[in-house]
Amino acid sequence: IYTLSLHDALPIYVDQALEEEIIIKAVAEKEDITITDEEVLAQMEKTARDNGLSLEVFQAYFGVDVDSFRSYAFEIKVLDYLAPKVLQIL
């Protein structure tokens, strides 16, 4: 089995992450998708629940608040928007 060293894998990972971020932002801009503080908090609560944690424990353990969780919640919102459209194509 061939595995990449961290030195070789890191640039690939960074490139993929940047491409994903660019695509997410482009879709959001084109479709005028935004996220409110309430939506971020709701996603935090869902993520906590999905991991069997209360919101308070989730926030303390992972050190997140609404502002630091916003990017993740925004990505989820855009992907949730895209998922049905992709399924229609398939």
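When a residue number appears, it is its place in the shown sequence, counting from 1.
The shortest heavy-atom contact between A28 and V78 is CB-CG2, 3.9 Å. The shortest non-hydrogen separation linking P11 to L6 is CD-O, 4.5 Å. Closest of all the heavy-atom pairs between A48 and S54 is CB-O, 3.8 Å.
Not counting sequence neighbours, the partners of E21 by the salt bridge (charged side-chain N to carboxylate O under 4.0 Å, His left out) test are K25. By the side-chain hydrogen bond (donor to acceptor under 3.5 Å, both in side chains) test, Q43 is found to be paired with T47, residues two or more places apart in sequence or in another chain being considered. Judged as a salt bridge (charged side-chain N to carboxylate O under 4.0 Å, His left out), and not counting sequence neighbours, D32 has no contacts. Applying the side-chain contact (heavy atoms from CB on, under 4.5 Å) rule to D65 yields the partners D67, S68; only residues at least two apart in sequence or on another chain are considered. Partners of D15 according to the salt bridge (charged side-chain N to carboxylate O under 4.0 Å, His left out) rule, which considers only residues two or more places apart in sequence or in another chain, do not exist here. Residues meeting the salt bridge (charged side-chain N to carboxylate O under 4.0 Å, His left out) test with E39, sequence neighbours left out: K77. When the ring-ring contact (aromatic ring centres under 6.0 Å, His included) test is applied to Y81, no partner is found at least two apart in sequence or on another chain. Considering only residues two or more places apart in sequence or on other chains, Y72 meets the ring-ring contact (aromatic ring centres under 6.0 Å, His included) condition with F69. Here V14 pairs with L10, L18 under the side-chain contact (heavy atoms from CB on, under 4.5 Å) rule; sequence neighbours left out. Under the rule for a side-chain hydrogen bond (donor to acceptor under 3.5 Å, both in side chains), the partners of D37 that lie at least two apart in sequence or sit in another chain are R70.
Here the OH-CG distance, from Y61 to L53, works out to 9.0 Å after rounding to the nearest 0.5 Å. In this structure, E75 CD and I23 CD1 are separated by 11.0 Å, a value rounded to the nearest 0.5 Å.
Among residue pairs with one or both ends in residues 41-64, those qualifying as salt bridge (charged side-chain N to carboxylate O under 4.0 Å, His left out) are K46-D50; sequence neighbours excluded.
Inter-residue side-chain proximity for F74 and I24 is flagged as met; some heavy-atom pair is nearer than 4.5 Å.
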